[in-house]
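Below you'll find the structure, written out as structure tokens, and then a few comments.
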Amino acid sequence: MAPALVKLSDILIESGCAVVVPHHQMHNAIGEGGLNAELAGKLTGLRVDVALRGNDPRQTLDPLIAQRH
């Protein structure tokens, strides 16, 4: 078990959180059944969703913001 390696520059935070990771880090970032993402959310107090690097993180973040409003 190892944590996903995420650069601070790869994280977009706005009324929630979208973390962008390289494809080979996706399994570590999400965790079994989404557990890692869920625990990261509890630690930070944010909603954590994981998107592949190269994808527009806005596509992940905008629906989360819309759900909260």
Side-chain angles (χ1 to χ4, degrees):
M1 253 199 297
L5 303 175
V6 179
K7 296 178 188 175
L8 188 57
S9 62
D10 291 340
I11 301 173
L12 177 63
I13 300 173
E14 182 182 316
S15 300
C17 180
V19 179
V20 182
V21 298
H23 181 67
H24 69 279
Q25 293 286 325
M26 191 63 121
H27 181 72
N28 290 345
I30 296 172
E32 186 71 31
L35 184 60
N36 292 350
E38 181 182 338
L39 291 174
K42 287 182 179 180
L43 286 171
T44 61
L46 300 167
R47 166 79 188 260
V48 175
D49 277 51
V50 180
L52 284 173
R53 182 183 293 156
N55 290 354
D56 179 4
R58 281 263 153 229
Q59 291 176 337
T60 302
L61 190 57
D62 287 345
L64 294 176
I65 294 170
Q67 287 176 0
R68 291 176 177 223
H69 293 99

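- By the side chain to side chain contact (heavy atoms under 4.5 Å, CB included) test, A40 pairs with V48, sequence neighbours left out.
- Here I30 contributes atom CD1 and Q25 contributes atom CD; the two are 11.5 Å apart, rounded to the nearest 0.5 Å.
- Annotation for N28 and N36: closest pair O-ND2, 2.6 Å, computed over non-hydrogen atoms.
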